Amino acid sequence: MKTFEYTPATEIGEAVGALGPDAAFLAGGTNLVDLMKLGVATPDTLVDINRLPLRDVEELPGGGLRIGAGVRNSDLAAHPVVRRDFPVLSQALLAGASGQLRNMATTGGNLLQRTRCRYFMDMTKPCNKHEPGTGCPAREGDHRNLAILGASEHCVATHPSDMAVALAALDATVHVTGPVGDRTVLFGDLHRLPGDTPHIDTTLEHGELITGVDLPAPSRNSAYRKARDRASYAFAVGSVAAVLDTAEGRIENVRIAWGAVAHKPWRATRAEEALRGQAPTRENFLAAADAELAAAEPLRDNGFKLALLRNMTATVLEGLA
Amino acid sequence: MKLAVNGVEHTLDIDPRTTLLDALREHLHLTGAKKGCDHGQCGACTVLLDGRRVNSCLVLAISQQDAEVTTIEGLSPHPLQEAFQEHDGFQCGYCTPGQICSAAGMLDEAAKGWPSAATPAGEEPTLSDAEIRERMSGNLCRCGAYANMVPAIAEVAGR
Ligand SMILES: Cc1cc2nc3c(=O)[nH]c(=O)nc-3n(C[C@H](O)[C@H](O)[C@H](O)COP(=O)(O)OP(=O)(O)OC[C@H]3O[C@@H](n4cnc5c(N)ncnc54)[C@H](O)[C@@H]3O)c2cc1C
Ligand code: SF4
């Protein structure tokens, strides 16, 4: 591991101000410390943000929730209001990592965790996400768990978070503060597609700190389902977060997001459009998934994700109908 | 830097790169917590940080100067240790300190009513075998002694 300076911050302004060009914020450290050991992340300074006052979950007028960026994944999953009003979020968190990791992992860090593409995690391999122009060995190599949607010739990585898939389906907003002030980012605009700059994961500027995530009104009829290679403690090979409200036999409101299919949590807007006003039947759910998957461009070894996502989407929505 | 471990405050002169696991093992010679994968994937390094189970291999020691660390040495003697012996909950024993620290943290989480992925939606958790297996999935055992760990943990959970 490269040497670094360690700077604990107790105030938000101090943390943002302390972040030099090669510095990084340290939250739970479960991704950053790992990547530092691997030589993938080489910050010269760690600004520890664990003492910042970002550890609360507050109820907002109108039934929404404000989640501090420092709230641990385990605390958030167990929060009674999250369990009651946003079950998809609690389920997504509990489907991720392990009890030990969730006790350290934070809301902000979970959103900004980096891809698990094996070439990215290995500095002896070329990778456009390490350094643009060096190539993407995954395209012809091991890409079984990589993207089927929104990828580019430069990178086919997936975003590994479960929590982020739920937040995409919940229409969350992200509060950010930085050297040039505060702003609010729509959840769908936080992560980006790789294009020809795959080394950039998000639309945040260097030095911007996520302070919290807001959820709008409750989505009680919601669920998360994750497929993975073993029963627990493994990243998704495909996942579905969904919110569904029906009235008089018709779909009034539907929000669907997919995980492990793209460089960002994938909001299935075409599927949603296809379902609005329709009857909540398995047939319609399958057709909606097909509408979304029409744009898919699977690689040699990940075409199985199409059938997986199609069937999981229909089954999750049927469970909510 | 200072580090409070098992109720004793230590002063250490260490590189900021030192993980909590290495500080415990190499500097304080508390070798109960084991180094398995060193990447948070196996759970052998599990200790309690302010009572909560964590992977000490992914925690920087320097960031924990306000925390109280409990290792298997501090937990001992613990009813989980006896139950693991009684039920043959191990073979080689390498993962056992991590398993026991994890189980101790897990029992506290369950007592607080925390759900797991095995908790049926809308229900309160009970420590069924399926729940114990899911909650302990962050601890791997290469000998595959899981089948005997589950009843050992269930016994201490009062089932
Ligand atoms: C073995 C293993 C299995 C896992 N399995 C899963 C899984 O199944 N599903 C899943 O979703 N995840 C999984 N994870 C990943 C885990 O969820 C993430 O490592 C964790 O959520 C990251 O949070 P953290 O607080 O530890 O972030 P850190 O590691 O501290 O930070 C991650 C990044 O975010 C930046 N950052 C952190 N907080 C902020 C902030 N507030 N503002 C701006 N930047 C910030 C840091 O600078 C860093 O770049 C797994 C991890 C491991 C090691
Ligand atoms: S998919 Fe992206 S992260 Fe993986 S090797 Fe290609 S460029 Fe690197």
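All values below were derived from every heavy atom in this structure, side-chain atoms included, with hydrogens, water molecules and symmetry-related copies excluded. If you're wondering where the values come from, they're calculated on a predicted model, not measured in any experiment.
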K.L.:
Please flag which part of A:Asp48 lies under 4.5 Å from any non-hydrogen atom of chain B: side chain, backbone, both or neither.
P.N.:
side chain
K.L.:
About how many Å separate CE of A:Met36 and CG of B:Leu58, when rounded to the nearest 0.5 Å?
P.N.:
11.5 Å
K.L.:
Using non-hydrogen atoms only, which part of A:Leu26 is less than 4.5 Å away from chain B: side chain, backbone, both, or neither?
P.N.:
side chain
K.L.:
Indicate whether any N or O donor in one side chain lies under 3.5 Å from an N or O acceptor in the other, for B:Arg52 and A:Ser74.
P.N.:
yes
K.L.:
Between B:Cys57 and chain A, which part of the residue has a heavy atom less than 4.5 Å away: side chain, backbone, both or neither?
P.N.:
both
K.L.:
Looking only at non-hydrogen atoms, find the nearest pair between A:Ser98 and B:Gly138 and report the distance.
P.N.:
CB-CA, 3.5 Å
K.L.:
In terms of heavy-atom pairs under 4.5 Å with chain A, which of B:Thr19, B:Asp15, B:Leu49, B:Asp38 leads?
P.N.:
B:Asp38
K.L.:
For A:Ala78, does its backbone N or O pair with a side-chain atom of B:Lys112 as donor and acceptor, under 3.5 Å?
P.N.:
no
K.L.:
Are B:Val59 and A:Met104 side-chain neighbours, meaning at least one heavy-atom pair lies under 4.5 Å?
P.N.:
yes
K.L.:
Report the residue from A:Val33, A:Thr30, A:Leu38 that forms a side chain to side chain contact (heavy atoms under 4.5 Å, CB included) with B:His39.
P.N.:
A:Leu38
K.L.:
Tell me, out of B:Val54, B:Thr46, B:Leu60, who's got the most heavy-atom pairs with chain A below 4.5 Å.
P.N.:
B:Val54
K.L.:
Looking only at non-hydrogen atoms, find the nearest pair between A:Arg116 and B:Gln41 and report the distance.
P.N.:
NH2-NE2, 4.3 Å
K.L.:
Testing the basics here: between A:Arg83 and B:Gly113, what is the closest heavy-atom pair and its distance to 0.1 Å?
P.N.:
NH1-O, 3.5 Å
K.L.:
Are there over 12 heavy-atom neighbours, none belonging to B:Arg25, within less than 6.0 Å of that residue's CZ?
P.N.:
yes
K.L.:
Hey, does A:Asn50 have a side-chain heavy atom less than 4.5 Å from the side chain of B:Ser63?
P.N.:
no
K.L.:
Just wondering, more than 12 heavy atoms not from A:Arg220 lying within 6.0 Å of its CZ?
P.N.:
yes
K.L.:
Which bit of A:Leu46 comes within less than 4.5 Å of chain B, counting heavy atoms only: side chain, backbone, both or neither?
P.N.:
side chain
K.L.:
Does A:Gln100 offer a backbone N or O that forms a donor-acceptor pair with the side chain of B:Asn55 under 3.5 Å?
P.N.:
no
K.L.:
Answer yes or no: does atom CD of A:Glu5 have more than 12 heavy-atom neighbours from other residues, nucleotides or ligands under 6.0 Å?
P.N.:
no
K.L.:
Are more than 12 heavy atoms from other residues, nucleotides or ligands located less than 6.0 Å from atom CD of B:Glu82?
P.N.:
no
K.L.:
Under 4.5 Å heavy-atom distance to chain B, tell me which part of A:Tyr6 shows up: side chain, backbone, both or neither.
P.N.:
side chain
K.L.:
Side chain, backbone, both or neither: which part of A:Arg72 has a non-hydrogen atom closer than 4.5 Å to chain B?
P.N.:
side chain
K.L.:
So which part of A:Lys226 gets closer than 4.5 Å to some heavy atom of chain B, the side chain, the backbone, both or neither?
P.N.:
neither
